[in-house]
Amino acid sequence: MTSPSPPFDFKVADLGLAGFGRKEISLAEHEMPGLMALRAEHGPVQPLAGARITGSLHMTVQTAVLIETLVALGAAVRWASCNIFSTQDHAAAAVAVGPRGRADDPQGVPVFAWKGETLEEYWWCTEQALAWPDGGGPTLLLDDGGDATLLVHQGVATEKAGQAADPEGAGSAEEAVIRRVLQRTLGEDSARWTSVAGGIRGVSEETTTGVHRLYQMQEAGTLLFPAINVNDSVTKSKFDNLYGCRHSLIDGIARATDVMIGGKLAVVCGYGDVGKGCVQSLRGQGARVVVTEIDPICALQAAASGLGWSPSTRWSSGVTSSSPPRATATSSPPPTWPA
Amino acid sequence: MARMKHQAIVGNIGHFDNEIDMAGLEATPGIERVTVKPQVDEWVFPDGHAVIVLAEGRLLNLGCATGHPSFVMSASFTNQVMAQMELHAKADGYENRVYVLSKALDEQVARLHLDHLGVHLSELTEAQASYLGIPQDGPYKPDTYRY
């Protein structure tokens with residue numbers, strides 16, 4: 001196994017945070033037995049030797065353990081976050097420095113991520129993660145939400161059309177940013193994304209939204225390489241989406257506002273795996289929880305899970321006559337303590 | 001949002017910021033944005049009442065905290081690494097379509113996380129497996145099973 005020799009390109013907020021990041025990565029490794037077992041089992045045979053992986057996934061401490069597992073199995077890796085706010089700067093710094101590097105001698109993985117990116121910076125980071133120093137691209141994508149996959153596919157479509165869509169006509173600020181990136185890359189190299197796409201053997205996609213995009217491309221016949229839907233592994237969506245949100249929803253609200261949840265009325269829009277975890281999270285703190293749903297199966301699950309139907313407390317103030325039909329279930333009042 | 005109670009907290013835990021109408025909120029005549037701290041904003045309507053929007057409408061668990069804990073992400077990411085190994089070794093055998101990992105690998109991911117919690121897994125005897133008509137080493141459920 002080799003590490004990139006400095007200087008190599010990367011961009012993080014502050015390499016001085018690497019020591020703190022490394023300590024938290026060490027704690028996380030103990031709590032990530034699946035990844036550590038893969039390192040122990042497959043590390044000696046280097047099954048990812050020769051792979052060049054571009055990752056677009058929240059640059060957190062946990063993702064650092066994922067990245068270093070891919071490296072331990074022989075892959076070369078470049079990384080960007082998949083959200084402008086989700087990077088933990090100490091984790092990004094530790095990944096760039098690497099387990100054997102120092103802040104003044106980084107020897108880790110090229111990572112392009114910091115907390116609080118602008119949209120322009122975000123897409124610049126994604127573009128950097130897709131651009132290897134030798135001018136080539138990745139052989140594999142590891143995506144969360146499908147932004148790396150989207151940039152490659154829209155890049156190929158732009159090059160086929162011979163012109164980029166007009167940023168002025170974009171439906172959102174973010175779409176305008178993507179169009180400007182493609183306008184520029186088309187001018188620099190009119191075959192760049194076609195070449196990158198040609199080298200990609202496949203993508204693994206982390207989340208519901210990204211998987212939805214992939215199935216749409218499959219239906220349209222525009223998918224340029226095979227895709228593995230990781231989201232719908234049972235050990236992903238029935239764990240991460242459910243128990244993960246049960247943990248981190250309340251954590252996010254508490255750190256942001258420090259508002260007491262007990263006794264408050266909480267409205268959870270959607271009762272899929274994520275919604276189920278959010279409801280458990282809020283009810284665990286004693287909130288009165290209302291679920292809104294368009295899917296009759298999930299609505300029935302909400303009602304049958306003890307989110308009892310209660311017309312007197314029905315949440316309806318936001319529903320107008322033009323809204324689609326919406327099932328609403330509310331929980332019974334919070335249990336008394338001690339029970 | 002204009003009809004929500006004063007200081008109602010509005011947040012999104014979905015992947016993209018397309019679940020809360022931030023553009024509509026920003027375009028509300030007379031609205032004022034007061035940043036409490038990074039990723040926490042109070043939006044004050046002209047009548048003086050406000051809503052608190054977390055992480056600018058983007059996923060609040062990662063914007064305002066540190067996302068999911070390591071243990072559950074280990075299960076997700078073990079799937080990711082297995083998918084990457086599969087694609088690297090065998091992509092030529094796949095069409096340009098969307099696939100899921102096999103149930104055998106799914107069960108393997110779960111197995112790798114049991115010891116850490118001190119879980120002892122019961123094992124079928126050959127006679128029990130034969131009686132039930134399922135393999136002794138799995139997979140234990142049909143693909144249609146929803147857990």
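Hydrogens, waters and symmetry mates play no part in the numbers below; they use all other heavy atoms, side chains included. Below, chains carry the letters A, B, ... as their sequence lines are ordered, and counting in each starts from 1.
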Problem set entry | H212(A), NE2: over 12 other non-hydrogen atoms inside 6.0 angstrom |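 12 or below, so no.
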
Exercise. Does CG in L117(B) sit with more than 12 non-hydrogen atoms of other residues, nucleotides or ligands closer than 6.0 Å?
Worked result: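 Result for CG/L117(B): enclosed.
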
Could you state the interatomic distance from [atom1] ([X]) to [atom2] ([Y]), rounded to the nearest 0.5 Å?
X       : Y       : atom1 : atom2 : value
S237(A) : Y147(B) : OG    : OH    : 11.0 Å
Q7(B)   : T257(A) : CD    : OG1   : 10.0 Å
E86(B)  : R201(A) : CD    : CZ    : 11.0 Å
R97(B)  : Y215(A) : CZ    : OH    : 9.0 Å
C278(A) : I13(B)  : SG    : CD1   : 4.5 Å

Name the region of [X], side chain, backbone, both or neither, that has any atom closer than 4.5 Å to a heavy atom of chain B.
X       : answer
C82(A)  : both
Q88(A)  : side chain
N231(A) : neither
V274(A) : side chain
A64(A)  : neither
T235(A) : both
L242(A) : neither
K264(A) : neither
D143(A) : backbone

Problem set entry | Contacts of residues 48-69 of chain B with chain A (heavy atom under 4.5 Å) |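 Under the 4.5 Å heavy-atom cut-off, I52(B), L54(B), A55(B), E56(B), R58(B), L59(B), L60(B), N61(B), L62(B), G63(B), C64(B), A65(B), T66(B), G67(B), H68(B), P69(B) qualify.
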
Among [options], residue most engaged with chain B (heavy-atom pairs, under 4.5 Å):
options                   : result
L66(A), I253(A), N241(A)  : L66(A)
G252(A), S233(A), A173(A) : S233(A)
S248(A), A75(A), G50(A)   : S248(A)
T207(A), L249(A), L48(A)  : L48(A)
T87(A), L140(A), D251(A)  : L140(A)
N229(A), L223(A), D240(A) : D240(A)

Side-chain donor-acceptor distances from residues 23-31 of chain A under 3.5 Å, at least two apart:
from, atom 1, to, atom 2, distance (Å)
E24(A), OE1, H90(A), NE2, 2.9
S26(A), OG, R22(A), O, 3.1
E31(A), OE2, H116(B), NE2, 2.7

For this session: List in chain and number order the residues that pass side chain to side chain contact (heavy atoms under 4.5 Å, CB included) with P47(A), two or more places apart in sequence or in another chain; answer none if no residue qualifies.
Result: H42(A), V45(A), L73(A), M85(B)

Exercise. F77(B) and side-chain contact (heavy atoms from CB on, under 4.5 Å): which partner among T63(A), L70(A), T69(A), V65(A)?
Worked result: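 One option only clears the test, and that one is T63(A).
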
Top contributor to chain A interface from [options] [non-hydrogen pairs under 4.5 Å]:
options                          : result
A23(B), S70(B), S102(B), A110(B) : S70(B)
L112(B), D17(B), L105(B), V36(B) : L112(B)
V100(B), L101(B), V40(B), N79(B) : N79(B)
Q84(B), M73(B), E95(B)           : Q84(B)

Taking side chain as C-beta onward, heavy atoms only, is [X] less than 4.5 Å from [Y]?
X       : Y       : value
I228(A) : M82(B)  : no
S76(B)  : V230(A) : no
Q39(B)  : F85(A)  : yes
P226(A) : N96(B)  : yes

Exercise. If every non-hydrogen atom of H113(B) is compared with every non-hydrogen atom of P33(A), which pair is closest and at what distance?
Worked result: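 Looking at all heavy atoms of both residues, the closest pair is CD2-CG, 3.6 Å.
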
For this session: Kindly give the heavy-atom pair with the smallest separation between G145(A) and F16(B), and that separation in Å.
Result: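 Of all heavy-atom pairs spanning G145(A) and F16(B), the closest is O-CZ, 3.5 Å.
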
Problem set entry | Check: G146(A) main-chain N/O paired with H15(B) side-chain donor or acceptor under 3.5 Å | no

Exercise. Is there a donor-acceptor pair closer than 3.5 Å between any side-chain N or O of Q218(A) and the backbone N or O of V98(B)?
Worked result: yes

For this session: Below 4.5 Å from any heavy atom of chain A, which atoms of D92(B) appear? Answer side chain, backbone, both or neither.
Result: both

Problem set entry | Contacting region of R146(B) [heavy-atom separation from chain A under 4.5 Å] |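 R146(B) touches chain A through backbone heavy atoms alone.
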
For this session: Could you name each residue pair satisfying ring pair (Phe, Tyr, Trp, His ring centres under 6.0 Å) that touches residues 226-246 of chain A, not counting sequence neighbours?
Result: F239(A)-Y243(A)

Problem set entry | Derivation of the salt bridge (Lys or Arg N to Asp or Glu O under 4.0 Å) call for K236(A) and D106(B) | CA-CA 9 Å; K236(A) 198 282 178 180; D106(B) 220 347; over 6 Å; no

